[in-house]
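Below is one structure; the comments refer to it alone.
We count ligands from 1, going down the list as the structure has it; atoms in each ligand are counted the same way. Just so it is clear, the model here is predicted, and its values are computed rather than measured.
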Amino acid sequence: MTPPASASAPGATALTAVPRRVDVYEVGPRDGLQNELRTLSTPDKARLIEALVQAGETRIEVTSFVSPRWIPQLADADKLLALLPRRPGVTFSALVPNLKGLERAKAAGLEEAAVFLSVTESHSKKNLNKSVAEAISTAREVAQTAIKQGLRVRCYLSTVWGCPYEGKTPVPRVVEVVKQLVDCGTYQLSLGDTIGVGTPGHTAELLCEVLKLLPPSQIALHLHDTRGTALANALVGLSMGITTFDASIGGLGGCPYAPGAAGNLATEDLVYMLQEMGVETGVDLGRLVAAGELAQELIGRRLSGKYLQAALGEREKQASRVRAGA
Ligand code: HMG
Ligand code: MG
């Protein structure tokens, strides 16, 4: 049989040129806990963050300086920051929606702020009580003020693939908003699949356009796993040179102003895939499982992370074998 003209040489794959190192940006303590029914105590949040640090995570979004009326689960942001020991090489960041949030963040000694906005009008109104144009202007003002005060700033764009109120987001709409942010001084733009509707083809098409405006090092992917496509989309990003992926321990997470949004891509699932592909993350998978187990215990429910459940299941099987043999 004659092979098709496009067939690759034996052993060659589309993934031979993936980056050798990837940054995992942990959002569990923020994106995860903002959407859980159970509000953790401040010391329990600090324990979870410590477990993530012990696993080798170095970029951790620990909370939000948003209105406590909008997100009561994170109302203790100021107290939490006071409780967290700082370590060289570990950066704690938090969401900052406005200048009032920045004032609180600065007083709490935060080193990195994340401004955030949506590309769709309805989600913007629900999430920030602002139009997209107003939110762009606020994000730019907060970012520029924070940078002058010595903070590093990243920027999130929400509803990049789809919006809970408006459906699929057209790629040109995303491009239009990104163009208004490229010169705002933030070091990275994290593209959010807020409700987890992304698929590999859409992700490739979107990244093709955004990569015309920003280099891959300035783009992160923030993928929610509502429909099980987060890891597939991350793989597309990786193959297109993206080196920062947001993820959440155990797959905790969602957005309270995006009905149906589920947890983020689970950190352990991402790290497992990368490790097996020979891509370095600096994160220890065994210790990550310990952090996931702690998250599960604190939240009081089984989390959705697949690797976590497989590892815990395997451990339980081994323990039963030992019990049976004893
Ligand atoms: P607003 O009601 O329009 O605010 O909300 P305002 O400026 O009119 O102020 C109203 C009251 O809130 C005032 O208090 C302010 O002082 C207070 P009062 O005078 O009535 O007593 N206030 C604050 N208090 C503490 N900290 C602050 C603050 N700002 C105002 N920073 C606001 C506007 C932006 C505050 C509100 O909409 C808000 O906090 N929104 C945040 C919603 C949120 O956190 N959503 C989830 C995070 S986004 C996400 O999850 C998506 C992401 O993961 C990416 C993805 O998945 O796509 C990032
Ligand atoms: Mg999110």
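For ligand 1, the atoms sitting less than 4.0 Å from at least one non-hydrogen atom of Gly101 are 31 (N), numbered in the order shown with element in parentheses. Interface of Phe65 with ligand 1, defined as ligand atoms under 4.0 Å from a residue heavy atom, comprises 26 (N), 27 (C), 31 (N). Residue contact check: Ser158 has heavy atoms under 4.0 Å from atoms 51 (C), 52 (C), 54 (C), 55 (C), 57 (O) of ligand 1. Under a 4.0 Å criterion applied to the non-hydrogen atoms of His224, ligand 1 contributes the atoms 56 (O). Distances below 4.0 Å separate heavy atoms of Phe116 from the following atoms of ligand 1: 48 (S). Every atom of ligand 1 is numbered from 1 in the order shown, and the set under 4.0 Å from a heavy atom of Leu95 is 47 (C). Taking a cut-off of under 4.0 Å to the non-hydrogen atoms of Asn127, the atoms of ligand 1 that pass are 37 (O), 40 (N), 41 (C), 42 (C), 43 (C), 45 (N), 46 (C), 48 (S). Taking a cut-off of under 4.0 Å to the non-hydrogen atoms of Pro68, the atoms of ligand 1 that pass are 24 (N), 25 (C).
Ion pair Arg154/Asp246 flagged as a salt bridge, since at least one NZ, NE, NH1 or NH2 atom sits closer than 4.0 Å to an Asp/Glu carboxylate oxygen. We find that Arg173 and Glu176 are joined by a salt bridge, their nearest charged nitrogen and carboxylate oxygen being less than 4.0 Å apart. Between Lys106 and Glu111 no salt bridge is recorded (no basic side-chain N to carboxylate O distance below 4.0 Å). Electrostatic pairing of Asp269 and Lys306 does not count as a salt bridge here, judged by no charged N lying under 4.0 Å from a carboxylate O. The pair Arg315-Glu293 meets the salt-bridge criterion, since a charged nitrogen lies less than 4.0 angstrom from a carboxylate oxygen. Taking 4.0 Å as the cut-off between side-chain N and carboxylate O, Arg287 and Glu268 do not count as a salt-bridged pair.
Here the shortest heavy-atom distance to atom 43 (C) of ligand 1, taken over Leu99, Asp31, Val27, Ile71, belongs to Ile71.
Of the residues Thr194, Thr203, Thr199, the one that meets the side-chain hydrogen bond (donor to acceptor under 3.5 Å, both in side chains) test with Trp161 is Thr203.
By the 3.5 Å distance cut-off applied to N or O atoms, Tyr156 is not counted among the residues near ligand 1. Among the atoms of Lys130, none of the N or O lies under 3.5 angstrom from an N or O of ligand 1. Residue Asn98 has at least one nitrogen or oxygen atom sitting less than 3.5 Å from a nitrogen or oxygen atom of ligand 1, judged on distance alone. Any N or O atom pair closer than 3.5 Å counts here, and Asn129 shares at least one such pair with ligand 1.
Within Asp31, the N, O or S atom at minimum distance from the Mg ion (ligand 2) carries the name OD2.
Note that OH of Tyr272 and CE of Met277 are 12.0 Å apart. Values are rounded to the nearest 0.5 Å.
If you look at Arg30 next to ligand 1, the close heavy atoms, those under 4.0 Å, all belong to the side chain.
None of the N, O or S atoms belonging to Asp246 lies under 2.8 Å away from the Mg ion (ligand 2).
Without hydrogens or angle criteria, Ser67 side chain to Arg69 main chain gives a donor-acceptor distance under 3.5 Å. Within the 3.5 Å criterion, the main-chain N or O of Gly196 finds a donor-acceptor partner in the side chain of Asp193.
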